[in-house]
Amino acid sequence: MPDLGAIIAEIAAEIQAETERGTVASYIPPLASVPVGKFGVAVVMADGAVHAAGDADEAFSIQSISKVFALTLALGAVGDQLWNRVGREPSGSAFNSIVQLETEHGIPRNPFINAGAIVVCDVLLGRLQPREAIGQMLRFVRELAGDDDTIRIDDAVARAEQETGFRNMALANYMRAFGNIHGEVELVLGTYFHFCALAMSCRQLAMAGRFLMGDGRVEGHRVVTARRARRINALMMSCGHYDNSGDFAYRIGLPGKSGVGGGILAVAPGIASIAVWSPGLNKEGNSHLGQLALERLVHRTGWSVFEPRG
Ligand SMILES: NC(=O)CC[C@H](N)C(=O)O
């Protein structure tokens with residue numbers, strides 16, 4: 001295989017030259033003001049080598065990528081009981097859709113749509129106060145990334161989410177009516193919005209994803225079991241990009257999770273943890289150029305999980 005550092009640099013240069021960049025999320029000012037020209041990529045290999053290019057060290061709002069870390073914490077807290085309250089099927093609808101909740105009695109399709117992640121937060125609050133759950137999340141992500149204290153929660157983003165989160169409030173209240181939210185809706189959403197407001201760079205995000213590329217251990221320290229890592233990857237493959245998940249699997253063929261900040265975390269099992277960031281989104285709310293960069297990376301490296309091996 002050609003030199004990975006060269007491939008990444010080449011892709012970063014190609015992406016910078018693209019003119020169709022998608023549309024930056026505009027529902028809150030702190031996201032709307034991010035320049036559409038930003039692009040970063042970081043790849044952490046199984047042996048620890050890191051390759052990065054572009055704006056790989058600039059922090060951005062990870063938004064729904066936090067749903068992966070929240071799910072991991074909730075599975076750690078309650079194990080398979082979580083699946084009594086959240087499904088494991090792709091939704092085929094938008095990340096903030098309410099439409100399935102009525103016929104499916106308040107049980108969200110999966111933990112990676114907003115409704116599912118809100119239930120995941122409620123599960124975490126079964127044992128912790130919001131402040132504790134937010135602190136636990138921040139510590140967890142910092143520890144996964146091997147970061148001391150530079151990863152933070154952007155309070156301006158959390159506040160803006162809170163001020164404009166009418167759909168999320170509707171989702172949470174609707175699920176509460178079905179008995180699938182147990183805590184106070186405001187506290188559950190406050191926690192959810194703070195998770196969405198985590199700010200980190202591509203390099204930090206790719207580091208934080210390391211626990212999903214192998215047997216669940218990072219530098220000898222067990223984060224999850226190997227089986228749980230596989231299962232989280234399966235959910236990322238089938239549900240990580242909302243109603244764009246099938247197309248992401250088709251084009252890229254890696255477990256991945258996107259956020260409306262324009263980031264994507266993708267995992268090449270046994271090989272690498274990858275983070276890309278470009279704030280312009282496609283119509284499903286996933287990074288337009290982030291997907292293109294991943295498509296090119298997978299094409300040039302043969303890292304798709306559907307690539308025959310051996
Ligand atoms: N897809 C996303 O990243 C959505 C997160 C966003 N904060 C919301 O709750 O609507």
Side-chain angles (χ1 to χ4, degrees), residues 20-41 55 58-71 90-98 108-118 120-121 137 141 153-172 189 191-202 204-205 208-209 236 239-245 247-248 252 256-266 275-294:
E20 174 49 57
R21 306 193 74 87
T23 311
V24 176
S26 58
Y27 70 100
I28 50 172
L31 290 186
S33 61
V34 177
V36 73
K38 294 283 178 189
F39 174 77
V41 52
D55 303 307
E58 188 167 329
F60 61 91
S61 188
I62 72 165
Q63 291 289 329
S64 286
I65 303 171
S66 65
K67 292 174 167 80
V68 174
F69 305 116
L71 169 68
S91 68
S93 45
F95 63 86
N96 54 9
S97 173
I98 200 168
R109 276 283 173 103
N110 67 67
F112 294 153
I113 52 174
N114 287 14
I118 291 168
V120 165
C121 286
M137 170 62 95
V141 172
I153 289 176
D154 186 330
D155 288 324
V157 171
R159 220 173 312 116
E161 296 280 349
Q162 194 103 40
E163 284 161 7
T164 60
F166 303 111
R167 264 179 177 265
N168 287 318
M169 284 168 214
L171 292 169
L189 286 176
T191 306
Y192 170 79
F193 292 138
H194 279 80
F195 289 179
C196 287
L198 270 163
M200 51 207 283
S201 67
C202 286
Q204 291 168 328
L205 186 58
M236 288 168 72
C239 313
H241 290 78
Y242 321 113
D243 45 342
N244 196 203
S245 299
D247 192 56
F248 188 85
I252 290 134
K257 183 73 205 84
S258 65
V260 286
I264 303 175
L265 172 65
V276 290
W277 171 52
S278 169
L281 308 178
N282 64 15
K283 70 176 189 333
E284 291 89 0
N286 304 311
S287 176
H288 172 65
L289 291 178
Q291 290 192 347
L292 186 64
L294 286 171

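We're numbering straight along the sequence, starting at 1.
The side-chain hydrogen bond (donor to acceptor under 3.5 Å, both in side chains) test applied to Asn168 returns Asn114, not counting sequence neighbours. Among residues two or more places apart in sequence or in another chain, the side-chain contact (heavy atoms from CB on, under 4.5 Å) test is passed with Ala275 by Cys202, Leu205, Ala206. The side-chain contact (heavy atoms from CB on, under 4.5 Å) test applied to Arg167 returns Asn96, not counting sequence neighbours. For the side-chain contact (heavy atoms from CB on, under 4.5 Å) test, residues two or more places apart in sequence or in another chain that qualify with Thr191 are Cys121, Leu125, Pro130, Ala133, Ile134, Phe195. The side-chain hydrogen bond (donor to acceptor under 3.5 Å, both in side chains) check on Ser64 picks up Lys67, Tyr242, with sequence neighbours excluded. For Thr164, the side-chain contact (heavy atoms from CB on, under 4.5 Å) partners at least two apart in sequence or on another chain are Tyr27, Ile28.
A donor-acceptor pair under 3.5 Å links the side-chain atoms of Trp277 to the main chain of Gly261, judged by distance alone. Side-chain atoms of Asp154 come within 3.5 Å of backbone atoms of Val157 as a donor-acceptor pair (strictly under, hydrogens ignored). Remark: the backbone N or O of Ala158 is not paired with any side-chain donor or acceptor of Asp155 at under 3.5 angstrom. Lys257 contributes a side-chain N or O that, together with a main-chain N or O of Gly240, makes up a donor-acceptor pair within less than 3.5 Å.
Looking at Phe248, Phe95, Phe112 one by one, the single match for side chain to side chain contact (heavy atoms under 4.5 Å, CB included) with His241 turns out to be Phe248.
Contact record, Gln63 with Ser61: NE2-OG, 3.0 Å, taken as the closest heavy-atom pair. Nearest heavy atoms, Ile65 versus Gly259: CG1-N, 3.7 Å. Nearest heavy atoms, Ala25 versus Val260: CB-O, 3.7 Å.
Residues Val276 and Ser287 have side chains not in contact (no heavy-atom distance under 4.5 Å, counting atoms from C-beta outward). With a 4.5 Å cut-off on side-chain heavy atoms, Ile153 and Met137 do not count as touching. Using a 4.5 Å cut-off on side-chain heavy atoms (C-beta onward), Glu20 and His288 make contact. Proximity of Ser201 to Glu58: side-chain heavy atoms (C-beta onward) are nowhere separated by under 4.5 Å. Residues Ser258 and Ile264 have side chains in contact (heavy-atom distance under 4.5 Å, counting atoms from C-beta outward).
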Begin with the C-alpha distance, continue with both residues' side-chain angles, and end with the deciding distance and a verdict on side chain to side chain contact (heavy atoms under 4.5 Å, CB included) for Ile113 and Cys239. CA-CA 8 Å; Ile113 52 174; Cys239 313; over 6 Å; no
